[in-house]
Every structure is written in structure tokens, then in C-alpha cells.
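A note on names: the letters A, B, ... follow the listed sequences, proteins ahead of strands, and every chain is numbered from 1.
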Amino acid sequence: MSQNTATVPDDRLVKGNHDFASITKLITDIPQERTPLWWYIAFGISNILLAVMLAMVVWLIWNGIGVWGLNNPVGWAWDITNFVWWVGIGHAGTLISAILFLFRQGWRTAINRFAEAMTIFAVMCAGLFPAIHVGRIWTIYWIFPLPNSMQLWPNFNSPLLWDVFAVFTYLTVSTLFWYVGLVPDLATMRDRVKGKISKLIYGTFALGWTGGNRQWQNYEKAYMILAGLATPLVLSVHTIVSFDFAVSIIPGWHTTIFPPYFVAGAIFSGFAMVLTLMIVSRKLYGLEDIMTVDHIEKMNIIILVTGIMVGFAYSMEFFIAWYSAFEYEKFIFVNRAMGPYAWAYWTMITCNVVAPQFFWVKKFRRNITLTFILSIVINIGMWFERFVIVVSSLATDYLPSSWGYFTPTYVDILTYVGTFGLFLTFFLLFLRFLPMVAIAEIKGVLPQANPAYYRNGQSTKTQ
Amino acid sequence: MGKEQQQTYWRSLNELAQNEEYRKFVEREFPENATELTDGVSRRNFLQIMGASIALAGLAACRKPVQKILPYTRQPEHIVPGIPLYYASAVPFRGNLSGVVVETHEGRPTKIEGNDLHPGSNGKSNIRQQAAILDLYDQDRSRKVLRNGSDSTWEDFTAFCREHFADTGRRVAFLSEAHSSPTLERLRQSALNRFPNARWVTCEPFSEESVLNGTAMAFGRRLRPSYHFDKASVTLSLDDDFLQDSDNDVAHIGAFAQSRALASPDEEPSRLYAAESTYSLTGSNADHRLRIKSSEIPLFTFALAAHLSGEVSGLEAYAGYRNTFSDHSWISVLAEELMRNRGSSIITAGPEHDAPVHATVAAINHALGNTGQTVEYLDVPYTATADQNEAFAGLVREMGEGQIDTLVMIGTNPVYTAPADLDFQTALEQVPESLHLSLHYDETSRQSSWHVNRAHFLETWGDGHSFTGVRSVIQPLIQPLFNGKSETEFLNAVLSGEDAAGHQLVRETWQELLDGPFERGWNEVLHDGLQRGSRYNAVSVSLAGSFSAEAAGFLEAAEEPGGDSVELVVRPDPRMHDGRFANNGWLQELPDPMTKVTWDNVALMSPNTAERFGIPPTRRFGDPNQMVVRLRTASGDEAEIAAWVLPGHADNSITLHAGYGRQKVGRVADQVGVNVFPLRRSVSRLYCTAADVSATGRSYVIACTQDHHSLEGRPHVQDADLDHYRENPTFAQDAVYVPGIYGDREHPVSLFDDKQWPDHQPQWGMAIDLNACIGCGVCTIACQAENNIPVIGKREVRRGREMHWIRTDRYFRGDERGNPQVMHQPVPCMHCENAPCEQVCPVAATTHSDDGLNQMTYNRCIGTRYCANNCPYKVRRFNFFNYSKEYLTTGDDPEIIQMAMNPDVTVRFRGVMEKCTYCVQRISRAKIDTKNETGDTVKPSDGTVKTACQQACPANAITFGDLTDEKSIVSIQKSKDRNYLMLEELNVRPRTSYLAKIRNPNRQLSEPS
Amino acid sequence: MNSKDKPFGVLAEFANPADLMDAASAVKKAGYKHFDTYSPFPIHGMDEAMGLKPSKLGWIVLGHGIVGLLGGVALQSWTMSIAYPMHISGKPFLNFPAFVPVAFALVILLASFGAFMGMFYLNKLPRLNNPLFNSDRISKATDDGFFLCIEASDPAFSEKRAEELLKNLGATHIETIPA
Amino acid sequence: MAQIFPEWVDNIPKRLQLATIIVITGIIFGFWYFGSPEYLEVGYAPNQPIPYSHKFHVSELGMDCQYCHGSAWKSAIAAIPPTETCMTCHEYVAVDSEPLQPLRDSWETGLPVEWIRVHDIPDHAHFNHSIHVNVGIGCVTCHGRVDRMEVVMKSESMSMGWCLDCHNNPAPHLRPVEEVTNMAWEPPDDHYQFAQMVIEKRNINAPIYCNACHR
């Protein structure tokens, strides 16, 4: 990369003896060759799920929030749980693209495109829930500061409003970031696809990119800045999401440790989800050379680290609860572990704290199957984390008289399942029609991309 | 049973408002009352159904919907549209009236309040009176006269009467509910004169007959004991729930609360002992409670009398008598206590207990010199001279033998309520002609040859006396919605075959009753709601000579029930009574004060008894399923009903509430609960012993509004023994350690400069005295009536979505297997100054008003429920479905229920949050009136603004007013040392504070077991 | 495509990034201004080799960021304290701690728009029709080709001399691109 | 490679920018103007069952508002007069006029005349006439020059914003209480001092908190 971005020296980020052309071919061929059968099957299933979700949403809006299992103490349950869960997953993408970029982690190039796409679709799923969880969705535009004949404005003291701004910004910025990264590769596609129509389409979105250095210069700058902006953003978004709870007064919600704890959790689940998707698609598309076992190991290390952070947060919560000498706080945490929701709590602990410990062992870190299984286990665990926080705190708060137990209805469940339809539909379309790896960036980290490589013979090729 | 039936208050949502019949019907019934009433759109508009309906909105999109205004043609005097009018009337119950004032809006009665002038109510009311409005607008009331089940008319009926009763030799039997109406009495006499072979029997499933028999035994006259709890320093309740199951409960509660009132530590509150089987509301307010089986109550009573016989004269009859309770620790202690408080003590016994108990109680009271002090014996001319329960049994026998050829039933529902062993139904089949007057086409109407639809008391003229004999006229507020007839009109038709108006009948009677110029007296009575100075005479009594003989007899007969044989106790339901209120959604949805169960009756039993029959002694949190038990009496009658563990219930005793399991009566009543009258005998009606209990293994879903009944040691409800209070008067305030601001409550640590309320006058606040509150729940109903709170049905309540703005939390404390204490705590919105709900609302739908109210703006709410989540008191209520629309637009003619709505309160739409507003509509009215009168201030004088709950509360537990005026009652209450804030440590600064409860236990009596 | 006799420029292809870089610095030395190098990925040190001034994008972004900040603070302060002041949880109308998150989000949002649109503006994109595309080889520039194009618009341009120079710089292939 | 796009395509972006700007401003303006209560509400003047002319009764006959709408001084509602009120005169005046037939029908049948509502505010807004009238807000302030209306027309938007405009600054709308029904009243030059005096004396602080109107 240009003067201000020298990557941390890391040999053989790309396995196999690839040159520029072969890489181009490897990746740009995917959208060009015949659509494989499995894709149609997967796409069909996703569409069915999507249809289910839409049906549930219509049913909800037609009848009212009552079709969910909510009750008087428990005003939020699966809706907000799913929201936080999806947003959390949405964190990996921008994190990989932005933070790893700033830290010059060359290996990110193999997976960032992929992870960013996942981010955008995950955030779309997340955004759905705050929108449909309101009682009168037809008035939801009131949360935007629009001038109106009532002369009323939203309440900027409300964490929920902060959330709206944060998530909206996050979605927008992630999308811009993703698109900027795509432009040179769209140009590559434009120059390789055969069909007239495809040429027109790719050409249009490539915006006439030439690959001229005068363009590269501004491009690099823009990418830098966006990365610089996205980094605090990605940290702030889940911080603000955690404010929804931390700013409240409910024991189990009103916790200062939430921001870092939520961010760690988000990265944790995000990486897990990236792994899940990556392990599948690298196999299906034979990209083992680009998304190598080294990548998987590196990500497993991050999962291990964040997993430990999350575990630490869990224990810290208990300590602070005891240390605060605040009886309601104490009760709520003991109650989580022993009370009516103990089953959920221990599921969470097993999945989030115990499971990642496998990754202390290098053999496990590099074991694809195990990684795949654990990545799924972790996402289950992280869903339960949010469930435990949201529901168990509300179910047994200050006044014992108003305690109540939450039981989901089929609408709760199907709506959640349905969001996978939404997510996968978009993701499959992405895999099918867009270069799923940042071609230009991969080329940039090849040894032969560095002029020095040619100066002193073959020496740099293998050192 | 078995599976949960969904309780459909509303059959289908499609039966929507605009039906043409009602249009006509309104114009026919009350053309004088037409303002904005007679066309769909504007009526809904006027009823303030928020945001109209989606349909209307759609319409508005294309064209402005045309809305009509329909002015009066001839405007009645006094009526100014938009200003409610108040009329004095009276509510009859079991033959006794309580004076009320009825609020009407453009001719629609919308709210009932107590009548300040009436000694029976002192401006207060109970749940039955509050809920009476809903009975008036009950769509399921019978609307026509029926002859053998097929449509007929009132004219046909009168014609029939003329023809049928022409033969005065007929063996006519009149079966009437209890009454105290001079007019009805007049007609009764003429009836008995007209038909020499006629007989008149009073039929009340739960009556004061055995009380009267008791006094007859003791004093030789059937007299009604009237207790003055305010004068008593010691009260002993023998299985008597006098705070709830009484015709004089409002007065009782007031007096009782007064006797317990504590302005400062050095005052001496009264003390209440309760010996009972079930855990009654009265028991929950007792300082000492003894849980014994109802079948042991007589023994306990006799033992007490025996013990006292040594110390006072008048109880010689009991001298030397001994039974298992003679050595009970309570007996000696009670005896000592009662001796210490001669003349200022009261002993009462449950009205359903047999005569000997009441006789003994009367004897003890008399011997202790309470007669004339705390107990009065009233001579009630409207009670029969003979035992009506026996008379009823006799009548049924004769009916069965075919000796009765015409049965005239004025009210009452014996087919449903009569004791099983009498088998009234088959007896009724032997009667050729049976005439039945009733509000609903009920079980008895179905078996009768004539059914006449009865008018609600708010629709017709009537009269009667209060429990203590204050005479009132029942004045109608609206023309009969369904052309019903009053009992007087009915009986008059039977006698004369003529259709006389109740108005004229009542006036005729009162010609005799009023001295001085009639019209003036009459108007005075109508205006005041009572005839001043009228009351039953208290007679001086002395022990009857025959007493000792009788006593010897029943002492002889008193047998000891086997220790572990199970007794079934059938009591009137606190809400349904004998089932006559079963079609009232407000009462069905009001949680039972002790169990918090709604929409069902259950078999109450102690944890030990439950375990004995294989029922888990504690419920799993959040699990609505209850085990169903099969109960079989010795005589083989059966009922299957869900078991409910009530800590503190006597072991080997099962309490059942009557009034449920009614069939084909109305949308609300049908299929709710189980009918337990079949388990009842005609002799010793209260309980039957040696019952057989077995678990069926089936389970049944119960909708209970309080899942968790322990306080978990939290300091929300502050109470203390009198001694402790005297040592540390501010114990309640000191109970909570308030982090950071301890010892400096005025200036809590805060990120912001402290906003000092009040910066504007007035500032509203409320204080709730837990020492006065007995937990009856009338505040909930009063609030529901005032604030248009919908009934949501069993399924929604079971899901924990109850809508009540003020709830009464009930906590048990202590040994659940033994005799735990109970605490009642009414919880409305606290109107926190630093309200946590406000800051989290993204659209500022809940904010603070200048006068310190926590406002909920429904029409701004988008329904995130974040505020409810963040409310530490969980007082916010969410419209999960379109409850109001279902409640107000379903049924045959929804407009009827719509007429019950308060036009000053917005009806909430689906998806919005709602909560207690401190009755802001009343506040605004008062502020505006004050401003209009004074021209400058918006500060109403103290007491002008009363919240609905405050106005109804018979115990005066709730005070409300302006905090900027340190002379206001609420300020004075809040300045008391017992005053404390719930969850003060959160620094949300609730405007609603509580006054701690003080218990007054007897040191000699160790912890009650 | 219009028929101006003047071509768009001379396009030369080079074997690898290193050669391209050398060529670029040479062309610069030769006094050319209007030229550009084309490569499938950005090449280290090419900016110096071509003698490009640093990008102005940063300033555009800064401007947007400031607008976002001021706008955010202004919006919240005005609505909460002037437009319709409401008592909320006993907090002051100007509750700045609570305004931080939204203001922050708006800064990021506007700044990102700045970076995004600024980049395309500076790169004069979108430009779907580009004389450069008249060349058939140029499409390799997005694959594995390394090109240098001296444009006719350069004052010092003459087709002959440009071809000469580039040939000497070891171009593997040279063509003239019609305008 | 050959060009994919013809040359003219390069002009599209600029044009596009221009177009979007125009469209967006158009939409905003459209909402602001056509969506406004002023546009939707003001001028609503339905034909009534009886062509009652306020112009004639007020201007020509000089009847006072209170004669028919007296409840406005006592109650929240300024009620439409009962048929009775009309008949006090029309039993003798214009007894057989064709347009008055509905009135006479109502008088005989006892069924109300079905007037069409002109001034209608949402169900969740509880407006109280008495408090406004008694501190000196003129009828004309909200209802316009009814004395000039043959057919009653809605002359103000009556949107929440419209209410707030006055509640935020009531002074300009205050007048002596005895002038409340005077349609033609013009504020004198010293009106400002007068208003301040009234606000002082009557301690007028028009509430803008929600419960003032929404209960």
C-alpha cells in the first residue's frame, strides 16, 4: 500500500503459488461460472424463512404486541434480545475492516469483504426489531426529529433514541465503507465479465474506475479516514446499545461494566459468526488458499481473548453486586444463577466461558470442524447472554408483588427464526454476484506487489 | 374445567358499534338525553375513543368524515352540557340500603360515590356499590317478559295476573329476597290480606337468620346486633369477616380504622383477635389470629363463655362446661383481656354459624356490659318473626307435595342457590304457576312459567332502610334501558293486575312516613338521600329465662369434630356474593383480596392439608396450572375444583366461595368457576364435616395477579409492634439506608443542580396509611369506574397483563406452614419527581407537569414499553391488544357499555402505555372551576380534589392534596413520623408516600400459632 | 466518439510495478505533468515517483465533521430547551451529558459522507465513458497490467517524443489512444 | 477494450444531482404545504340542515353569542342550542318559512336537528371553553368573524401547534372580558400594557404541559 500504510511483514498470507492473474481468475470466476445447485437449494430455504418472518411481522402489526409472550414486568424479551444479538454479530465486519486495517493486519484482506457484507445484513436484521417492537408502528416516525404541526420533538435524553442514531449511522457508514472497498473490484469484474448486461451493471457500479494512481491516492486516503471513523463508531454502537440497560434503574441492567462487556461480547459473537460462514464458503468455493487455516487460527485466538473478557465480565458483575451492598442487585444475580432462569444462565456460561477454552490448544485452534462447531455454540451462548440480561432482570425486580415469568409464543420464535431467512437471502446474493474477497487488497499483500521484490532478485520471495 | 376456557367478555370483534336498532332505541328511551349521543361517529367521538378507529382513519384519508351534533330539543332544567350532575340515591343489598350519590353526564349515570350525609356510608363505598354502574349497563340483562320461555309482554302478564289471582283462595306462596322497603312491606301486607292461604317466605342464601335466632334464644326477641367498632378497645371475631362479609361493611371498616388510628405514638389503638378457619380479610387485619376449623368455633365460643362464667354474672348457664379448648392458651388470655375492657369490647361471630354460637356471643357481650356501649340490639320491623331458613325448607317440602299452586318469586335465584338436600328444582316442577322477577334470565327463570325482567335500582323508584334503619328513597337516574319492572311494580301488578308506576307507589307509602308538608319533605329526602333522624330503635335487652335451659341443650349437643376429618366451609364470595354479581366484569377481574385470584373460585386449604392430599404446598413461579381436587360430602354431593394453597388457613379445613359456575346467564358469568352450592346443607349451612377429598390428577389454569407472595425481607411494607413504634417512632424512615444521602435526605448527591419542586403551585401528592388500609380493593374498582379501564378477560390476566391502575399487593410474612402475617399495600403510580420512566421515552410521551404530576400522554405514545421496564414500582399498564375497543364495541349493542364511560377521560388505544394519573381530569376540573370563580388562582382549596380511590376508601387510608399548603390534610399526614417513601434509596422521590402499619399485639400471647 | 485529430495520449505497458515506478519518475523528470500510472492495486512510493501533492480529502472530511458536531448540538439544545421545553425526570432542559451520543453519531455520519463523496469528487468519478477505455489493453490494469499514459493535454506533449521516451524506459508495449 | 458507455453518459451525474435537489425540495414543500392543517382544515364549511345565517342573526339582529351558546361561560362545551331556543322566536317569526321545516319537525317529533360539526378537535384533546372565555379570549380569536358568515366556516387550523402559539404567548390575544363576544373589537394602542396588567392580575400562565389538554 502507499507510503502511509506498510503492512506488518507476514510471509505467505496467500498459500499456493498465486500471481496477480491467477488471483483475479480465482475470485472473479465465481460470479461468472454456472450457479451451483446447492446455491439454489440454500436460497430457496432462506426465502421460505424470510416469508415466515414477513408473515409473523404482519400478524404482529395486525393484532398488536400481545401476540408475543410479553407481560407486565417483562416488557422486552425476544425482540430486544434478538436486536442486541444481531447488532453484536454485526460488529465483526467493521472491526476486521477498520481496526485490523489501522493495526496493519495484512491477513484481514482475505476476509474483510466477506465480514463487512455479513455486518450489513446482520445490522439489517437487528434494525428490524426496534422497529416492530413498538406498539404503534404507524407512528414510529415520531422518533425522528422532523418538524410537525404538533411542534413536538423527540426526547434526546432517551437511550432508545441514541440507539436509533447510533445504529442508523453504523448501518450507513458500514455500507459506504463496504462500497468504497468494492469499487476497484467492480472495475475488475467490469473488465472481465462477458455479457453486455453484466458489463453495463458492473460498469455502472464501478463508476468508471481506471486504477490510475491519482485515483488510488485519494482512494487510499478515503479508506484510511473511513477506517478511522468506523473504529470509534464500532466501539460506540454497542456501548450505546448497552446504555439501553446501563442507563436504566433496574437491578441487573443498571451496570457500569456494560459498555466494555457488550463490545467484547459483540466481537466475540461477530467473529464466531464470520467463522461459521467462512468455513462453509471457503470449502464450497475452494478458497482455502486465500482464507487459510492461519486466518482461522488468528480468529480463534481473538475469540479466546474476547471469550475470556466476557467471562471476566460475568464474574465481575457478581463481585460488584456483592460489593455494592445493594440488596436488589445482589438478589438479581444470585437469582440468575439459582432462580427461574438458571437454565438460561448456565447455558450461557457453558457456551461462552467454557467452550472457548478449547482454543488454548493450537491443535484445536487449527481444527476446522471443531472451530465450526464451537463458532455455532458461541453464538447460541451469546443469544442466551442477552436473553438472561433482558428477561431475568425484568422478571424479578424491586417489588416481589409484580414479579412475573416470561414464556415465548410461537410468534416470538418464528419471528426470530425468520430473520435468518432475511440474513441468508442477502448473504447468498452477495456470494453469487459480488467478489467475496477484496481482490485489489489481496494483490497488494502479495510479495510481488512490492517494487522492492524486483530490485534484489528473488531474495525477498522466500526469506 | 380441565382445559382453560378463554373468558370472552366480548364474543366477537365484528359486532361493531353502528347498529340501527340502538339509534332508534336511544331516541325512544330518552329523547331528552340526545346530546351527541345518537349517531355513531359522534358518539364514539364523545366517548373519546382515542384516534377513532383504523376504519375511520382510512375514511378520513380520502374525505373529511361528516360528524353530527345532536342538541337537545327541550333541554332539561339544570343540565348544562359538559357539566356532570349529582343525585342522591341508595344501593340495596340483602335488604339493606346504603346511601350513595350518582354522577351523571347528560343523563347517563357514570359513577357512584358514597353519600356524605348518610351515616351508613359517610361518603364512602364498597366494591359492590362501585361496580353497580356496570350492572346497570349489562347487555346481558333480561329484556323482556317470557311465558314458559317464549316471548310475551308486560301487558299479557298483568292480564294473566288479573285473571289468575281473581281467585283469592289460591294457595299462593311469595318467595322474596330480604328487603327493608316500606312500600314493599305495604304491598306484602295487602297481599297476605288478599290471599288468606298465602304465605310469605324470605330467601337469602347467606342471611342473618341464625344471628336473629341467636338473639331470640338469648333475649327472647329476634334482634339485629349492631356493633360500634370505633368504641371498642378489644374485639374478638369468631370466624366473622365483619370487614367484608357484612351488610354494614362500609361503616364497619370506617369505625374499625378509626379505632386503630394513630396520630402519635402515645395513642392507644384498639386490638383485634380473630379465630377463624379461612384466612379472611378481617383475620389479615387482626393483631392475633387463631386458625381453627369452623366446626371448632362453637366449642371455642362455649369454652370462652364457660371460662368467663366464673368472673361475670349472666353466664351461669356455662358454668362447669369443659371441652378441648377449655385449657387453650387463648381462652385465659382473652378472658383477662375482656374482663379488663368490660363495656368497651366486642365479640362477633360469623353470620352463618348456628344460633347457639350467636346466642352465646350475645350472652357474653351482655354479661360484659357491652350492650348499649359497643353493641346495640336493633328491632328491625322488616325481619320475619320465624326462622326463614326453616320456613323456606318447609315451603319447598309443601311445593314438592303439590300443596302450592302459585309461587311468586321476587328476585332470588333458589334453583341456583338453594341447599342441595332440599332439591328445590324438582319441588318447583310440582308448582303449576311460578312467577319470577329477575335481572337476568337465570337458572330459576328457566324453570318458571313466567319471567319478568327486572329493572336495575338506578332505573326505578324504590325505598328502604340502611342496616341501622336510616330510611331512604331509591331515586332513578335514567329510564329503564330494557323496560324492566321494579319489585314493587311487579308485586303490585300481581295483586291488582294494574300497571302502577313505582314512583306513585313509593310516594303513596311516604305520605304516611313524612310529617309536615309532603312535597317539601319529599324533596328534602330526595335531595339529602335520606330521611333525617330515621333509624331502627335500639331496645334494651335482658337474658331470657328460657336461656339456661336452651344453653344446657346445645352444650349437651355440641360434639367434638374428629381432629383429622376434613370440613368443607362454604362462604359467600367477596366479590360475587351468592352469584348475583357474577355477570359483572369489574368484580370478576378484581383480584380476591387474599388469594389475588381472578375469574375463578378455588378450594382454599393450608399447605399441610394440601400436602396431605398430594398437592404441592408451594406453587412453581410462573406456572398458572393448579391441581384439581374432587370434594365429596358425607351425603355424596360432589364438586371438582382447583385447589389453592392459602398459607394461614386452618388445617383439615377447605374453604369454598359460592357464586360461581353459573350457566347461561351472560357473557361474563358463564362457565366461570365452579358452583359449590350443591355442597351446602339446609342445616348448619356454613360447613359440613367428614368430607372426602381426592386429587383428580387433572390441572386447571388459574389467573392470579400476584405470582410471588413473599416480601423477600424487603422493606417496601413497613410495619411494627406498638412497643417498637414507641421506642423508635421514625422506624419506617430509618428502615432504608439511602446511599450517599444518609442523614441528609433534602440534598441528595446528583449530577445536576437539584431541581427544587415545587416551583409552581399547587403541587399534588398522596399519602397512603397502611395502618388504615384493610386491603378490600374498592380503590381498584373505583379507579376502574372513573378512568374507563377496560375488562380484559381471564386469558390476558393469566398472561400477567392486568390493567388496574391501582393494585393492592398482598404479602405473607412468617411461617407459611403455621400462621403467617399478611400485609396489604395499595400501589398506584408514585408520580416520582425524578421519574425514571420519563427520561427513557424516546418521544417524550411521559413527562412532568408544572403541578408535579407524572403525565402519561397516550396520544404521543408509540409503545416501546421502555417506561414500564424502567418503573421500579411496575405500575405502568400496556395495551397489548385493543382492549378498549374489544370492551366497548362488542356484544349485541355495545353502545350500552359505552354509556358507562367517563367523557372526561380518554379511552386508550391499542399499543399505548397507561397508568394512574392522580385523576387528572378531576384536578383540571377543580383548577378551572377555581380560576373561573376566583378569577386569579388555580389553587383549589384543600379537599376539593379527591381522587377516585381516595373518595371510595371506607378506611380513609388515602389522602391527597396540595403539598405547598402545609395545612392540607396530605401535608399533615406526610409530616407524621410513620411516613416513609417506598424505595427511597433510588432517589426517584415518589410523591406518593406510605404511613407504616402499627400492630398492637398482646404481650401475654406469644407469637400466634 | 468524436474525431479530434489530437489523440488522448500515449499508453505504455510495463512488466512489473518496479519498472512502472522507475518509468514514472523518469517521465516526471522529462517534465511531463499530465500523466498517470495505472495498476491493479496501489503501489508503494508511486506518489513520490510521480511527484503528487498529498490528497486534500482530509480537509473536506474535517469540514463535514464540524458541521455534524455543531448541527447535532444545536438541534438537541434548541428542541429540548427552546422549541418545547419539558420537565423530564427532574433533569435540566440543557442536559448536555445526554446529548453526547447523538452529537457523536452525527459527527461520524457526516464525516463519512464527506470522505465518501469527497473521494469521488476528487477522482472526478463517476465517469463511465473514458477515452482511456478506447485502448483494449487498459482492461489489464484491473488484473495484472501496469501502464503509464502521457496525456496529449500536457503542454510538453508530442506523440513522437512521448513514444520515444517510453520505449527507452523499457515499455513492453506502446500505443496511441485516440481521443 | 471497447467503451461500454457512450460519451453522453458522462453528463448524467450532474443532471442527476440537479434533479434530486429539485425533487426533494418539491416533496418537502408538498408535505409542508398540502399536509398542513391550515390547508386541510381551514375553510371547511358544510351545508347545514337548516341554512341558519349567523351573519343575519348577529349582524342584522344583533344577537349576542351567549344567547345560544351560553354554556361556553360555564362549561367545557359551547353547546349547540336546543330546538327550544330557536322556537322562542320562531313560534312567532317566519312560522311557515320552508327552510325552517326541519326545525318545526324537530319541535313536534322531539327528535334533534342533525347539525353538522364544523369545529372538531381530536378526541384526546380536552378543550375547555369556560376557562378561555372567562379570562378574556374572544370568540373571534378561534372562530373567526362568525358575524360575517352566511354558512359557518372553520377559520383556524386548530392544530396543536396553533394552540401552542397562543399558549406560549397569550398576551396579544387577551381582551377585556366584556369584549369577548365583540366580533369587531380592535386592540387599542396601549394593548400591550393592558395585556401585561391582565396577566399580572389574573395570574395567567397558559400551561403547555401535556395534561393541560390530554387526559
Checklist entry - Relative to chain A, which segment of C:Asn130 carries a heavy atom at a distance below 4.5 Å: side chain, backbone, both, or neither? => result side chain
Next on the checklist: Applying side-chain contact (heavy atoms from CB on, under 4.5 Å) to A:Gln215 and C:Leu125, what does each step give before you reach the verdict?
Outcome noted: CA-CA 9 Å; A:Gln215 289 184 348; C:Leu125 296 178; 3.6 Å; yes
Item to check | Contact summary for C:Phe104 and A:Ser236, nearest pair of heavy atoms | outcome: CE2-OG, 3.2 Å
Checklist entry - Under a 4.5 Å heavy-atom cut-off, does chain C meet the side chain of A:Val164, its backbone, both or neither? => result neither
Checklist entry - What part of C:Met80 lies closer than 4.5 angstrom to a heavy atom of chain A: side chain, backbone, both or neither? => result side chain
Checklist entry - With a cut-off of 6.0 Å (strictly less than), are more than 12 heavy atoms of other residues, nucleotides or ligands near OH of C:Tyr84? => result yes
Next on the checklist: Working to the nearest 0.5 angstrom, can you tell me the gap between A:Gln217 CD and C:Met50 CE?
Outcome noted: 8.5 Å
Item to check | Modelled atom types, side-chain donor and acceptor of A:Asn213 and C:Asp36, under 3.5 Å | outcome: no
Checklist entry - When you look at CD1 of A:Ile197, are more than 12 heavy atoms from neighbouring residues, nucleotides or ligands closer to it than 6.0 Å? => result no
Checklist entry - Quick one: does C:Ser112's side chain have a donor or acceptor within less than 3.5 Å of a partner on A:Val173's backbone? => result no
Checklist entry - Picking from C:Asp143, C:Asp144, C:Asp22, which has the most non-hydrogen pairs under 4.5 angstrom with chain A? => result C:Asp143
Checklist entry - For the atom pair CG (C:Leu57) and CE (A:Met224), what is the distance rounded to the nearest 0.5 Å? => result 11.0 Å
Checklist entry - Who among C:Phe120, C:Phe147, C:Phe99 has the most heavy-atom pairs with chain A under 4.5 Å? => result C:Phe120
Item to check | Pairwise distance OG1(A:Thr210) to CD1(C:Ile138) - rounded to 0.5 angstrom | outcome: 7.5 Å
Item to check | C:Tyr121 versus chain A, the contacting section by heavy-atom distance below 4.5 Å | outcome: neither
Checklist entry - Among C:Ala115, C:Pro101, C:Gly118, which has the most heavy-atom pairs under 4.5 Å with chain A? => result C:Pro101
Checklist entry - Looking only at heavy atoms, which two atoms of A:Gly208 and C:Leu128 are closest? And how far apart? => result N-CD2, 3.6 Å
Checklist entry - Side chain, backbone, both or neither: which part of A:Pro232 has an atom under 4.5 Å from a heavy atom of chain C? => result both
Checklist entry - Taking the side chain as C-beta and beyond, is there a heavy-atom pair between A:Gln448 and C:Asn16 under 4.5 Å? => result no
Next on the checklist: Rounded at 0.5 Å granularity, tell me how far CD1 in C:Ile88 sits from OG in A:Ser158.
Outcome noted: 9.5 Å
Next on the checklist: To the closest 0.5 Å, what do you measure between CD1 (A:Ile23) and CZ (C:Phe41)?
Outcome noted: 10.0 Å
Next on the checklist: So for A:Phe168, is it side chain, backbone, both, or neither that comes closer than 4.5 Å to the heavy atoms of chain C?
Outcome noted: side chain
Checklist entry - Can you check side-chain contact (heavy atoms from CB on, under 4.5 Å) on A:Trp209 and C:Arg127, steps first, answer last? => result CA-CA 8 Å; A:Trp209 179 264; C:Arg127 185 179 179 196; over 6 Å; no
Checklist entry - Distance from C:Trp78 atom CH2 to A:Trp153 atom CH2, nearest 0.5 Å? => result 4.5 Å
Next on the checklist: With a 4.5 angstrom heavy-atom cut-off, is it the side chain or the backbone of C:Asp19 that approaches chain A, or both, or neither?
Outcome noted: neither
Item to check | A:Asp185 portion near chain C, given a 4.5 angstrom heavy-atom threshold | outcome: neither
Next on the checklist: Between C:Lys140 and A:Asp191, is the side-chain contact (heavy atoms from CB on, under 4.5 Å) condition met? List the steps.
Outcome noted: CA-CA 8 Å; C:Lys140 283 180 85 224; A:Asp191 297 348; over 6 Å; no
Next on the checklist: Would you say that more than 12 heavy atoms from the other residues, nucleotides or ligands in this model lie under 6.0 Å from the NZ of C:Lys28, or not?
Outcome noted: yes
Next on the checklist: For a 4.5 angstrom cut-off between non-hydrogen side-chain atoms, does A:Tyr219 reach C:Pro42?
Outcome noted: no
Checklist entry - Are any non-hydrogen side-chain atoms of C:Ile43 and A:Pro451 less than 4.5 angstrom apart? => result yes
Item to check | Trace of the side-chain contact (heavy atoms from CB on, under 4.5 Å) decision for A:Phe20 with C:Phe146 | outcome: CA-CA 11 Å; A:Phe20 300 131; C:Phe146 301 89; 3.6 Å; yes
Checklist entry - Heavy-atom distance under 4.5 Å to chain C: side chain of A:Ile240, backbone, both or neither? => result side chain
Checklist entry - Of all of C:Pro40, C:Ser39, C:Ala141, which one pairs up most often with chain A through heavy atoms under 4.5 Å apart? => result C:Ser39
Next on the checklist: Quick check on A:Leu176 against chain C: is it the side chain, the backbone, both or neither that has a heavy atom closer than 4.5 Å?
Outcome noted: both
Item to check | 4.5 Å side-chain heavy-atom contact, C:Phe116 and A:Tyr179 | outcome: yes
Next on the checklist: A:Arg214 and side-chain contact (heavy atoms from CB on, under 4.5 Å): which single residue from C:Leu52, C:Leu122, C:Asn123 fits?
Outcome noted: C:Leu52
Next on the checklist: Does any backbone or side-chain atom of C:Phe113 lie under 4.5 Å from a heavy atom of chain A? Answer side chain, backbone, both or neither.
Outcome noted: both
